[in-house]
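What you see is a predicted model; the values in this text were computed from it and never measured. Reminder, nothing fancy here: chain letters follow the sequence lines and each chain counts from 1.
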Protein chains: 2
Amino acid sequence: MSWRKDERRAERGYHHGNLKEALLQAALDLIGQKGPAGFTFADAARMAGVSPAAPYRHFRDRDELIASIAQRGFEQFESALTQAWDDGRPDTVSAFERVGKAYLKFAREEPAFYSAMFESGLPVDSNPTLMAASERAFAIIRAAAERLAALAPPGQPRPPAMMMALHIWAMSHGVASLFGRGDAARRKLPMSPEDLLEAEVLIYLRGLGFPTDRKPDERKPAEPPPLDEKPSGPFSGPWGKAK
Amino acid sequence: MSWRKDERRAERGYHHGNLKEALLQAALDLIGQKGPAGFTFADAARMAGVSPAAPYRHFRDRDELIASIAQRGFEQFESALTQAWDDGRPDTVSAFERVGKAYLKFAREEPAFYSAMFESGLPVDSNPTLMAASERAFAIIRAAAERLAALAPPGQPRPPAMMMALHIWAMSHGVASLFGRGDAARRKLPMSPEDLLEAEVLIYLRGLGFPTDRKPDERKPAEPPPLDEKPSGPFSGPWGKAK
DNA sequence: AGCTCATGTGAACGATCTTTACATGAGCCG
DNA sequence: CGGCTCATGTAAAGATCGTTCACATGAGCT
């Protein structure tokens with residue numbers, strides 16, 4: 001197998017041409033496999049077919065590579081949340097729930113990004129660019145909360161949108177961190193993380209006075225009601241899916 | 001400074017006498033300073049004044065040391081939650097809120113334990129002992145949720161206690177992880193993590209039908225109402241403390 | 001007193017991170 | 001086309017770390 005490196009070099013010549021990108025991709029793969037702690041700079045270099053010193057032409061040190069990945073992660077995260085929110089279409093509440101699901105989906109499908117963003121142990125506030133990217137992602141949640149707060153029923157003091165956003169973020173992050181990834185930190189659950197978070201958000205919104213006791217067919221008009229689910233009363237509440 | 005090691009050895013002789021404990025303590029200090037990733041086995045040995053090979057008499061490898069710390073962390077965590085819960089005295093709801101505060105307090109005051117428990121990246125389910133300790137800690141939250149669920153107002157389907165417990169855990173963990181530690185992962189907040197979590201839990205409980213619009217003096221009878229807090233209406237809601 | 005075994009030492013190996021001096025060649029300028 | 005320059009990659013080396021192995025020590029038991 002030792003011909004690999006030479007062959008690669010023969011293929012590409014002395015200069016790689018796109019090393020920075022290749023390193024980021026390699027690091028992403030490695031973090032996905034072994035977590036941000038298990039990832040090594042030398043491995044990424046090997047995977048890209050260059051010498052262990054080459055990466056230092058593109059990243060000051062190992063931490064800067066991880067920070068770059070976190071940065072890119074926040075950008076994709078923002079994009080995913082934006083798409084899920086879809087500016088509140090077709091209605092604010094269901095769009096809001098889509099955002100929660102998108103949060104979990106991102107944590108599950110991009111565990112490498114997620115752990116680089118939240119579990120790599122690097123100080124968020126040390127890197128202003130990183131901090132800004134993180135805040136842009138949170139701004140989506142905040143904007144959604146803003147729209148939701150505006151819909152709050154009258155007759156009660158209107159909840160501060162910032163607080164709502166922080167609450168939703170904490171719920172999503174808590175569920176994702178504790179139960180969200182398939183393999184790591186697995187704990188037995190009576191329901192899926194998605195359903196768990198959806199119930200939590202619905203209960204929370206009801207606590208703010210939002211009417212949330214919709215029937216399933218009001219939420220997904222095209223979907224026939226499942227036959228194996230017998231309702232437990234006049235309405236089955238947000239936790240209707242619990243085991 | 002190189003006399004230190006020799007002097008220590010002269011003081012203690014060939015055998016340390018309490019190395020395992022000394023290593024755990026040293027590791028705890030180091031993790032507290034530099035996070036679970038920055039901590040090195042050799043450093044812990046140095047700090048205990050022994051050779052780099054000595055720790056292997058007490059821990060199979062570096063991961064086992066971290067797992068031991070996580071284990072001990074879950075035990076202290078369980079103890080802290082048990083004490084906060086105090087079997088639901090004086091009343092279930094206020095005891096429940098004390099548990100949430102204890103969660104945050106633990107995360108803030110024992111960041112080394114907390115990160116070893118939740119952010120060290122070691123698979124929870126690989127170590128049955130660790131898993132069991134984790135579940136004993138969660139059992140406190142579950143027991144509290146059980147008692148709370150029993151108090152749920154009639155006229156509605158009773159919420160599953162397990163689900164409530166998971167929700168509360170996720171909220172606490174989310175707030176603690178995102179905003180709970182003084183230095184790491186700091187983000188600007190309009191209110192303290194404690195108040196943020198308390199409001200979140202109260203809104204959630206209200207969503208389950210619990211009456212939570214108590215006035216401050218019903219909660220802490222001995223405490224006079226603060227003068228700088230002007231109520232915003234007939235009752236100021238769970239987010240009365242928000243900026 | 002002597003044996004035994006848990007505990008600690010020293011030396012060594014391979015891997016990693018990082019720096020330093022040197023090599024290569026792509027792009028530009030005349 | 002020829003040569004210059006600088007970004008990019010390499011090789012070698014030092015420091016540190018995780019880990020293992022053979023060996024040393026001495027505490028506790030018989």
Might you work through the side chain to side chain contact (heavy atoms under 4.5 Å, CB included) test for A:Met171 and B:Glu200, ending with a clear yes or no? CA-CA 9 Å; A:Met171 289 186 221; B:Glu200 187 170 8; 3.0 Å; yes
Indicate whether any N or O donor in one side chain lies under 3.5 Å from an N or O acceptor in the other, for A:Gln33 and A:Asp29.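 Their side chains do not contain a donor-acceptor pair, so the 3.5 Å distance test is not met.
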In terms of side-chain heavy atoms, does A:His167 have a donor or acceptor partner in B:Tyr204 at a distance below 3.5 Å?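 No pair is found: no donor N or O on one side chain lies under 3.5 Å from an acceptor on the other.
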CG of A:Asn18 versus C1' of C:dA26: gap in Å, rounded?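 Those two atoms, CG and C1', are 15 Å apart.
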Interatomic distance, A:Phe59 CZ vs D:dG9 C1' [rounded to whole Å]: 15 Å
Look at the rings of A:Phe118 and A:Trp169 and say which category their plane angle falls in: under 30° parallel, 30 to 60° tilted, over 60° perpendicular.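 Ring orientation of A:Phe118 relative to A:Trp169: perpendicular.
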Evaluate the ring planes of A:Phe106 and A:Phe113, with Trp represented by its six-membered ring, and classify them as parallel (under 30°), tilted (30 to 60°) or perpendicular (over 60°). parallel
Counting only heavy atoms and a strict 4.0 angstrom limit, can you tell me which residues of residues 20-33 of chain B come near DNA chain C? none
So, [X] and [Y], do they make that salt bridge, N to O below 4.0 Å?
X        : Y        : answer
B:Arg98  : B:Glu198 : no
A:Arg136 : A:Glu78  : yes
A:Arg72  : A:Glu21  : yes

Atom pairs, N/O to N/O, protein against nucleotides 14-21 of chain D, distance under 3.5 Å?
residue: D:dC17; atom: OP2; partner: B:Arg46; partner atom: NH2; Å: 3.0
residue: D:dG18; atom: OP1; partner: B:Phe41; partner atom: N; Å: 2.9
residue: D:dG18; atom: OP1; partner: B:Arg62; partner atom: NE; Å: 3.4
residue: D:dG18; atom: OP2; partner: B:Phe41; partner atom: N; Å: 3.0
residue: D:dG18; atom: OP2; partner: B:Ala42; partner atom: N; Å: 2.8
residue: D:dT19; atom: OP2; partner: B:Tyr56; partner atom: OH; Å: 3.1
residue: D:dT19; atom: OP2; partner: B:Arg62; partner atom: N; Å: 3.2
residue: D:dT19; atom: O5'; partner: B:Tyr56; partner atom: OH; Å: 3.4

Step by step, work out the salt bridge (charged side-chain N to carboxylate O under 4.0 Å, His left out) result for B:Glu110 and B:Arg181. CA-CA 9 Å; B:Glu110 303 287 356; B:Arg181 267 79 53 81; over 6 Å; no
Criterion ring-ring contact (aromatic ring centres under 6.0 Å, His included) on B:Tyr114 and B:Phe77, from CA distance to verdict: CA-CA 9 Å; B:Tyr114 195 81; B:Phe77 192 46; 7.2 Å; no
Dump every N/O contact between nucleotides 25-27 of chain D and the protein below 3.5 Å, one line per pair.
residue: D:dT25; atom: O2; partner: B:His15; partner atom: NE2; Å: 3.2

